[in-house]
2 protein chains.
Amino acid sequence: MMEHDHNAILKKVRQELPADELLSDLSDLFKIFGDTTRCKILYALFESEMCVCAIAELLGMTQSAISHQLRILKDADLVGKRREGKTIYYFLSDDHVRTIIAQGFEHLIEDYTERE
Amino acid sequence: MMEHDHNAILKKVRQELPADELLSDLSDLFKIFGDTTRCKILYALFESEMCVCAIAELLGMTQSAISHQLRILKDADLVGKRREGKTIYYFLSDDHVRTIIAQGFEHLIEDYTERE
DNA sequence: CTAACATATGAACAGTCATTCATATGAATG
DNA sequence: CATTCATATGAATGACTGTTCATATGTTAG
């Protein structure tokens, strides 16, 4: 294996390839979007901030499961939280989340329409 | 749990929430980006099409490992391939891939600059 | 201070997934 | 047509991850 020559291409690509750490952070970010529950939560928060138990009811899932996922989203700074008495409201932290998901959707939709 | 009232919000969000299947497809798409190896491959293909063994050498990984990942990327229509004799060249299938990754990077970079 | 509610968290389990190893396919060359 | 090179693939394995269960933390009301 690897007997024919492609050193020219390798050299060029190596120059442009971002650092390992950055690419690792990037895939970590996408990893977060790569779960249905988390996508649903994020999408729900598009519309309005929500407390944990409302999200749980919306998705038909345990409060615990939602809490665990919210923690992941919070650690990644994708959502923020705000306390109001006993309840804690979560919200999208910035608009990049919207753009990233919107872009993903655009890709999907193009796929769907191409199939027809 | 779930004793206080948030029916109004739930009703509103339920209307706007995309179908389960679509959200599932969306997270499946992001799942593909959520792996360092695949991110690296995609990023490498930004620059130029590449054959399997060149990618393997670039990333310092087994040809087999790369082949497996390329299959996943191909199944998701994120890359295409082209045969030229014994070697097979892979390339990005469309520009959405670029945009999605670029958007992810933008989010990361904003995070980095905010920290200073 | 105690009871009730809202959320968080740790441990455990089950399912998923990326890599490796061995091997198979497929193309070109002599 | 046998050998070599380029790639593909199936099975196995180890690591990771999402959910559940039990329980802890923190807040408000009485």
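A, B, ... follow the sequence lines: proteins, then strands. Residue 1 opens every chain.
Inspection of the Q63(B) and S67(B) side chains reveals an N or O donor paired with an N or O acceptor under 3.5 Å.
For L45(B) against Y90(B), the heavy-atom pair with the smallest separation is CD2-O, 3.5 Å. Annotation for I32(A) and A76(A): closest pair CD1-CB, 3.1 Å, computed over non-hydrogen atoms.
Rounded to an integer number of Å, the gap from Y89(A) OH to dT7(C) P is 8 Å. A straight line from CE of M61(A) to P of dC21(D) spans 12 Å, rounded to a whole angstrom. For E57(B) and dT7(D), the CD to P distance is 12 Å, given to the nearest whole Å. With rounding to whole Å, E49(B) atom CD is found 16 Å from dA6(D) atom P. Rounded to whole Å, the distance from CE on M50(A) to P on dT7(C) is 12 Å. Distance, I32(B) CD1 to dT16(C) C1': 15 Å, rounded to whole Å. Counting to the nearest Å, the P atom of dA8(D) and the CG atom of D75(B) are 12 Å from each other. Taking atom CZ on R38(B) and atom C1' on dA18(C), their separation rounds to 8 Å, with Å as the unit.
In this entry dC13(C) has dG18(D) as its Watson-Crick or G-U wobble partner, both defining distances falling under 3.5 Å.
Listed nucleotides: dT19(C), dT7(C), dG26(D). Nearest to the side chain of K86(A): dG26(D). Of the candidates dT27(D), dT7(D), dT7(C), dT27(D) carries the atom nearest the R83(A) side chain, counting heavy atoms from C-beta on. Comparing dG18(D), dC5(C), dC17(C) against the side chain of K31(B) picks out dC17(C) as the nearest.
Using a 4.0 Å heavy-atom cutoff across all strands shown, S64(B) reaches at least one base atom of the nucleic acid. Across all strands shown, Y90(B) has heavy atoms under 4.0 Å from sugar-phosphate atoms exclusively, and none from any base.
Considering only side-chain N and O atoms, K81(B) lies nowhere under 4.0 angstrom from the phosphate OP1 or OP2 of dT7(D). Proximity of T62(A) to the phosphate of dT20(D): a side-chain N or O atom is located under 4.0 Å from OP1 or OP2.
Between the side chain of T99(A) and the main chain of D95(A), a donor-acceptor pair closer than 3.5 Å is present.
Taking the six-membered ring for Trp and thresholds of 30 and 60 degrees, Y43(A) and F105(A) have ring planes more than 60 degrees apart, a perpendicular arrangement.
You won't find any donor-acceptor pair under 3.5 Å spanning the side chain of Q63(B) and the base of dA6(D), going by distance alone.
Taking the centre and axis of the six-membered ring of F91(B), the NZ or CZ atom of R82(B) falls outside the cone set by 45° and 6.0 Å.
Of the residues near DNA chain D, T37(A) and E84(A), the one whose nearest nucleotide (by heavy atom distance) lies more toward the 5' end is T37(A).
Two residues are said to be in side-chain contact when any heavy atoms from C-beta on lie closer than 4.5 Å; R38(A) and L73(A) meet this criterion. The shortest distance between side-chain heavy atoms of F46(A) and V13(B) does not fall below 4.5 Å.
Near-neighbour residues of DNA chain D inside residues 65-73 of chain B, defined by a heavy atom below 4.0 Å, number-ordered: S67(B), H68(B), R71(B).
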